[in-house]
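Values below: every heavy atom of this structure, side chains too, minus hydrogens, waters and symmetry copies.
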Amino acid sequence: MNIKDAAAASGLSIDTIRFYEKSGMLPKVQRDARGWRRFDAGAVDWLRNLERLRATGMPMADMRRFALLVHGAGHPGAAAARLEILQRHGERLALRRHEVEACQAYLDQKISIYSRMTEDQR
C-alpha cells in the first residue's frame, strides 16, 4: 500500500511516518519504480506499534532505541534490552497514573464544593 493508505491503516499522519522513517525507526521501506514508498502488512503493523508506544507517552529517544533493537534483533541481549525499556516506561506510566488520580481527586473535591455552593444559592 502507499503512504496514504499506511497512514489511514496505522492511525499516523503521513508526516509522522516520514519522520519515523528518517529517524531510523522503520525497517527499510520498499519503493516502487517511481520511488514511492510501498508498505506491506508487516510495516503497517510496526507503524501501529510505534503509534501505541507514542500514545503511552514513551520518549522519542526510547522509541528509537526500542526500534533499533527490534530491527537489529539478532544481537545478544536485544530482547533483554527491549524488556528493560518497556519496564522502565511502565514505571513512568504508573507514576503518571498516580499523578492523574491525585488530580482527579482534587477536581472531584472542588466540583463537590462548588456544586453545594450553587445549590445553596437556589
Side-chain angles (χ1 to χ4, degrees):
M1 66 181 71
N2 63 29
I3 195 168
K4 181 179 176 184
D5 295 334
S10 67
L12 296 170
S13 70
I14 291 171
D15 288 339
T16 299
I17 293 172
R18 287 180 179 138
F19 172 78
Y20 286 168
E21 181 184 16
K22 288 177 187 170
S23 298
M25 289 190 271
L26 298 181
K28 184 159 176 59
V29 176
Q30 300 300 313
R31 301 221 177 218
D32 65 16
R34 298 170 294 190
W36 293 6
R37 293 169 185 84
R38 301 299 304 169
F39 296 86
D40 61 15
V44 173
D45 284 343
W46 180 245
L47 289 170
R48 286 187 191 115
N49 285 328
L50 291 174
E51 187 278 328
R52 289 287 74 205
L53 292 175
R54 190 68 188 137
T56 68
M58 181 178 276
M60 196 61 60
D62 286 351
M63 287 179 61
R64 281 189 192 106
R65 184 163 178 252
F66 187 83
L68 291 172
L69 288 165
V70 168
H71 302 311
H75 80 76
R82 290 191 308 248
L83 175 61
E84 190 269 327
I85 291 168
L86 294 174
Q87 288 174 329
R88 189 174 63 240
H89 186 58
E91 292 167 3
R92 283 191 300 263
L93 279 178
L95 178 60
R96 200 166 100 201
R97 182 175 31 257
H98 177 72
E99 291 169 349
V100 168
E101 288 170 355
C103 290
Q104 185 66 57
Y106 169 79
L107 286 177
D108 290 346
Q109 178 188 21
K110 289 298 184 185
I111 289 168
S112 177
I113 291 168
Y114 285 100
S115 292
R116 284 194 306 272
M117 287 173 64
T118 58
E119 287 174 5
D120 292 345
Q121 293 175 357
R122 289 184 208 169

If you apply the rule side-chain contact (heavy atoms from CB on, under 4.5 Å), what do you find for Val29 with Arg38, and how did you get there? CA-CA 7 Å; Val29 176; Arg38 301 299 304 169; over 6 Å; no
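- A chain of hydrophobic side-chain contacts below 4.5 Å, direct or via other Ile, Leu, Val, Met, Phe, Trp or Tyr residues, connects Phe19 to Leu12.
- Of the inter-residue distances, the one linking Glu119 atom CD with Tyr114 atom OH reads 15.0 Å to the nearest 0.5 angstrom.
- Taking CG of Leu69 as the start and CD1 of Ile85 as the end, the distance is 5.0 Å to the nearest 0.5 Å.
- Both Ile14 and Leu47 are assigned to one and the same hydrophobic cluster, defined by single-linkage of ILVMFWY side chains at heavy-atom distances under 4.5 Å.
- Here the OG-NZ distance, from Ser13 to Lys4, works out to 14.0 Å after rounding to the nearest 0.5 Å.
- Across all non-hydrogen atoms, the minimal contact from Met1 to Val44 is SD-CG2, 3.6 Å.
- Rounding to the nearest 0.5 Å gives a distance of 7.5 Å between CD of Glu51 and OG of Ser10.
- Interatomic distance, Glu21 CD to Lys28 NZ, rounded to the nearest 0.5 Å: 8.5 Å.
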Listing, residues 52-60 side-chain donor-acceptor contacts under 3.5 Å, not counting sequence neighbours, or none:
{"unit_1": "Arg54", "atom_1": "NH1", "unit_2": "Met58", "atom_2": "O", "d": "2.8"}
{"unit_1": "Thr56", "atom_1": "OG1", "unit_2": "Leu53", "atom_2": "O", "d": "2.6"}
{"unit_1": "Thr56", "atom_1": "OG1", "unit_2": "His89", "atom_2": "NE2", "d": "2.8"}

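- Relative orientation of the Trp46 and His71 rings is perpendicular, given thresholds of 30° and 60° on the angle between their planes.
- Applying the side-chain hydrogen bond (donor to acceptor under 3.5 Å, both in side chains) criterion to Arg65, with sequence neighbours excluded, gives no partner residue.
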Can you list the steps and then say if Asp40 with Gln30 is a side-chain contact (heavy atoms from CB on, under 4.5 Å)? CA-CA 9 Å; Asp40 61 15; Gln30 300 300 313; 5.9 Å; no
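- Side-chain atoms of Gln109 and Ile113, non-hydrogen and from C-beta on, do get closer than 4.5 Å to each other.
- Under the 4.5 Å side-chain heavy-atom criterion for grouping Ile, Leu, Val, Met, Phe, Trp and Tyr, Leu26 is not connected to Trp36 through any hydrophobic cluster.
- How far CG of Asp5 is from CZ of Arg37: 14.0 Å, rounded to the nearest 0.5 Å.
- Annotation for Ala9 and Arg48: closest pair O-NE, 3.0 Å, computed over non-hydrogen atoms.
- A donor-acceptor pair under 3.5 Å is absent between the side-chain atoms of Ser112 and the main chain of Asp108, judged by distance alone.
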